[in-house]
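Below is one structure, written out as structure tokens; the observations come after it.
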Amino acid sequence: MRRFQRFASLVAFFCIGLAVGPSSVGQSKYDPHALFSPIFYSQSGNEYRSGNGEPGPAYWQNRADYQISASLDDTKNQVKGSVTITYTNKSPHSLPFLWFQLDQNLFNPDSRGFAKLPPTGRSRYGDAKNPFEGGFKISNLKVIQTQGGKATEYAVAPLVTDTRMQVKLEKALQPRGEVVKVKMDFEYIVPDYGADRTGVLKTPGGNIYAIAQWYPRICVFDDVQGWNTQPYLGASEFYLEYGDFEVSITAPSSHIVVASGELLNPSEVLTAEQLKRYKAAQQSDATVAIRAQNELEDPASRPNKPTLTWKYKISNARDFAWASSKSFIWDAARINLPSGKKAMAQSVYPAGSAGREAWGRSTEYAKASIENYSKRWLEYPYPAAVNVASNIGGMEYPGIVFCGSNAKGESLWGVTDHELGHTWFPMIVGSNERKYGWMDEGFNTFINGIASEDFNNGEFDGGVPDGHQIAKFMFSDQTESVMNTPDGMKEFNIGLALYFKPGYALGLLRKHIVGPERFDPAFRKYVSDWAYKHPTPWDFFRSMENSLGEDLGWFWKGMFLENWRLDQAVSKVEYVNGDPSKGAIITIDNLERMAMPVVVEYATKSGVKARKLLPVEVWQNNTSCKFRVNSTEELSGVVIDPDKAFPDWNPANNTWNSGKNP
């Protein structure tokens, strides 16, 4: 549908201001001043975050680089490792201590997240009936810091509180570029089901280890809150600094190990035949089997050594994850990027997930997803995109995602595209998922809908949603505002409030309010401006408004900050001077607290149909609006939102017909 703004000048209308009070279709709850209040933004722009939604001229961001050496013991389900973190303080503040995230401590029965679980049942984030004795063991923590002109190493006794760890420095880390190194050893037992983010899938061919949140990670220190030390409770996800990762993983030689980034030593960990196929896949648009299903039981399909060390590297990333198993089938294909660069789509899965209707198409899906988003929004930044079949329904990390091993067909396309779509939100655009889960899940759900329209001529396109049906559950009495934190929401509301509603809202804005030809460039600018940075919701709102040239405070407030309903109604149809040949005057009311532009379709007795499109500004100072249509005969019917694009809570009052009393 065309843009509403284009039609504003074509509509002959006049609106009358009414006090909030009785209407011919019911009592109105609408207050124009509440929705269109000019006091929308919580603060003005500053040198760090500009009023136009861009990073300010003094924007800063700290950096964390990781060197990790780890090993997997598949007899104990244990990961051990050593990590050296090089942390650069680019802020204008001195830092007397550092904070780290210890996410594995969630799986200790004494954790705060465990205390939130339902006592008699299993949550997505844990099982109170069957507690798992998990958590990190940290040892040998040392700090290397320049003191008196030379590097000094000293031991530190960390202060661990739930899923956070504080490391106090002997000398405060100075602003604007001073560097400190922190190194430590760590180990933990991998939970079988780690809050749907990490875990162990048992298969006849061997366990599949999906390893994530597996090393101590430094918390973000930013200009918004300082140290972001919100404990990890399971529902909320992550907020992380960017840096480079160099990781070595030692596993049994029978295993295939895939991970974030580029495999640096394929000749050391693959057989000669696998290396040949690996190189062929890098040049092939069709999927190439690197380790085929019929080779899983063949000892010759893996090098004859006790263990192998796989070396990976990924640059300018905010995290690192990996997977390991002797049961992996492994296939891959080339990804073609807009700049001419190439990347590699890869899939690993067990025999039980194989087949053209299941994971046999995973690499095809991954390749299509990455190529599509690279063309539409911003080029994919990593050398590989790996899809891992696991016992995790769907989880994303830079360059690697975990998806359910039982997924197939449309469900496998959907979860693969969704998890890889997270590359853009929040892997590239690094929003704070701990507070604003909708800025990654909702944005991603939005771009997923466009990708499904694009993929294979709409093979898995779900079609246009019925906004009237959606409104029934999107604004029920049990729902919550999008802006609530994930940990603060009822678990049953997370899918709706963080994924569906913001995804639907952005689609509504794009298709029915400003138009794709305006929305898409504005959205691309936001992505480009905040790539590898930390935007807030207000940065996004400002960025879109400045690019679009629109004041959208009413939209953000109604759909994101509040949980208000929309109810627009046809209340009266009259004829000019009582003469149908002179045109009709239609009265519409806004009965709930949200407002939207209005699409009105009317039909004449002879069957002629036409539409009027009214901009949202008709509700700026009114609860009721009258407008004229230049008909020359009696009307047989009038309908608000005939395409059911808008989330109208009560569509029963959207229609007037001549059988009613005009």
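When a residue number appears, it is its place in the shown sequence, counting from 1. Values in this document were obtained by computation on a predicted structure and should not be read as measured data.
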Side-chain contact, heavy-atom cut-off 4.5 Å: T287 with K367? no
Counting heavy atoms not belonging to K472, are there more than 12 under 6.0 Å from its NZ? yes
Report yes if some heavy atom in the side chain of K557 is under 4.5 Å from a heavy atom in the side chain of F36; otherwise report no. no
My understanding is that only residues two or more places apart in sequence, or in another chain, count here; which of them pass ring-ring contact (aromatic ring centres under 6.0 Å, His included) with F519? F446, F523
Determine, stepwise, if the pair I428 / W377 fulfils side-chain contact (heavy atoms from CB on, under 4.5 Å). CA-CA 11 Å; I428 293 175; W377 310 119; over 6 Å; no
When you measure from the side chain of S452 to the backbone of G449, do you find a donor-acceptor pair of N or O atoms at a distance under 3.5 Å? no
Side chain to side chain, W656 and K572, heavy atoms closer than 4.5 Å: no
Across all chains, not counting sequence neighbours, the salt bridge (Lys or Arg N to Asp or Glu O under 4.0 Å) partners of E633 are none
Does F646 form a side-chain contact (heavy atoms from CB on, under 4.5 Å) with V598? I'd like the steps, not just the answer. CA-CA 9 Å; F646 292 91; V598 191; over 6 Å; no
Looking at residues at least two apart in the chain, or sitting in another chain, which of them share a salt bridge (Lys or Arg N to Asp or Glu O under 4.0 Å) with D529? K525
Are the charged groups of K533 and D539 less than 4.0 angstrom apart, N to O? no
Check: N456 side chain, G458 main-chain N or O, donor-acceptor pair, under 3.5 Å: no
Residues two or more places apart in sequence or in another chain: which of them pass side chain to side chain contact (heavy atoms under 4.5 Å, CB included) with N457? none
Where do R376 and D454 land on the side-chain contact (heavy atoms from CB on, under 4.5 Å) test, with the steps shown first? CA-CA 11 Å; R376 277 197 173 274; D454 293 340; 2.8 Å; yes
Nearest heavy-atom approach of H468 to P651 is ND1-CB, 3.5 Å
T416 vs S369 side-chain heavy atoms within contact, under 4.5 Å: no
Heavy atoms of W413 and A451 approach each other most closely as CZ2-O, 3.9 Å
Verify side chain to side chain donor-acceptor pair (under 3.5 Å) between W530 and S431, making sure each step is shown before the conclusion. CA-CA 9 Å; W530 288 97; S431 57; over 6 Å; no
Any idea which heavy atoms bring P426 and R318 closest together, and the distance? O-NH1, 3.3 Å
d(R593 CZ, S28 OG) to nearest 0.5 Å is 10.5 Å
Test: D567 and K29 ion pair at under 4.0 Å: no
Keeping to residues at least two apart or across chains, list the salt bridge (Lys or Arg N to Asp or Glu O under 4.0 Å) pairs with something in residues 441-453. E453-K511
Over 12 non-hydrogen atoms of neighbours within 6.0 angstrom of CD in E357: no
Would you list the pairs meeting salt bridge (Lys or Arg N to Asp or Glu O under 4.0 Å) in which at least one residue belongs to residues 404-418, sequence neighbours left out? none
Parallel under 30°, tilted from 30 to 60°, perpendicular over 60°: which one fits the rings of F238 and Y232? tilted
Side-chain touch S405/Y349, heavy atoms, less than 4.5 angstrom: no
Which residues pass the ring-ring contact (aromatic ring centres under 6.0 Å, His included) test with H418, not counting sequence neighbours? H422, Y499
Is it the case that the side chain of N336 and the backbone of E371 share a donor-acceptor pair, with hydrogens and angles ignored and the cut-off at 3.5 Å? no
Pairs satisfying salt bridge (Lys or Arg N to Asp or Glu O under 4.0 Å), at least one member in residues 645-655, at least two apart: none
Partners passing ring-ring contact (aromatic ring centres under 6.0 Å, His included) against F540 (at least two apart in sequence or in another chain): F443, Y526, W556
So with a 6.0 Å cut-off around CG of D466, is the heavy-atom count from everything else above 12? yes
For the pair F460 and F455, name the ring-plane relationship: parallel under 30°, tilted 30 to 60°, perpendicular over 60°. parallel
Taking only residues two or more places apart in sequence or in another chain, which ones pass side chain to side chain contact (heavy atoms under 4.5 Å, CB included) with P647? A471, M474, F475, Y504, L508, L566
Report the residue from D589, L591, N590, V618 that forms a side-chain contact (heavy atoms from CB on, under 4.5 Å) with S624. D589
Would you say that more than 12 heavy atoms from the other residues, nucleotides or ligands in this model lie under 6.0 Å from the CZ of R510, or not? yes
Taking N444's backbone N and O only, do any of them form a donor-acceptor pair with N448's side chain (distance below 3.5 Å, no angle check)? yes
Is there side-chain contact between T445 and F500, with heavy atoms separated by less than 4.5 Å? no
So among N432, D487, T485, which one has a side chain to side chain donor-acceptor pair (under 3.5 Å) with Q230? D487
On a heavy-atom basis, which atom in A497 and which in S481 lie closest, and how many Å separate them? CB-O, 4.3 Å
Taken in chain and number order and not counting sequence neighbours, the residues that satisfy side chain to side chain contact (heavy atoms under 4.5 Å, CB included) with A34 are D31, W564
Sorted by chain and number, sequence neighbours left out, side chain to side chain contact (heavy atoms under 4.5 Å, CB included) with K375 holds for P338
Under the 3.5 angstrom rule, does the side chain of E379 hit a backbone N or O of S339 as a donor-acceptor pair? yes
I'd like to know if the side chain of S347 pairs up with that of T363 as donor and acceptor (distance under 3.5 Å, no hydrogens or angles considered). yes
With respect to E237, which candidate in R434, R197, K435 satisfies the salt bridge (Lys or Arg N to Asp or Glu O under 4.0 Å) definition? R197
Heavy-atom closest contact (M559 atom, A505 atom, distance): CE-CB, 3.6 Å
Heavy-atom distance under 4.5 Å between the side chains of F555 and M596, does that happen here? yes
Looking at side-chain heavy atoms only, is the closest gap between E491 and P118 below 4.5 Å? no
Check step by step if side-chain contact (heavy atoms from CB on, under 4.5 Å) holds for M439 and V429. CA-CA 9 Å; M439 289 188 74; V429 181; over 6 Å; no
Where is the tightest heavy-atom contact between I588 and V570, given as atom of each residue plus distance? CG2-CA, 4.3 Å
Side chain S571, main chain T587, donor-acceptor under 3.5 Å: yes
Per side-chain contact (heavy atoms from CB on, under 4.5 Å), Q568 is matched among I640, N654, N653 by I640
Does the D643 side chain pair with the main chain of A645, one donor and one acceptor, at a distance under 3.5 Å? no
Is a salt bridge present between E364 and R356, judged by a nitrogen-to-oxygen distance below 4.0 Å? yes
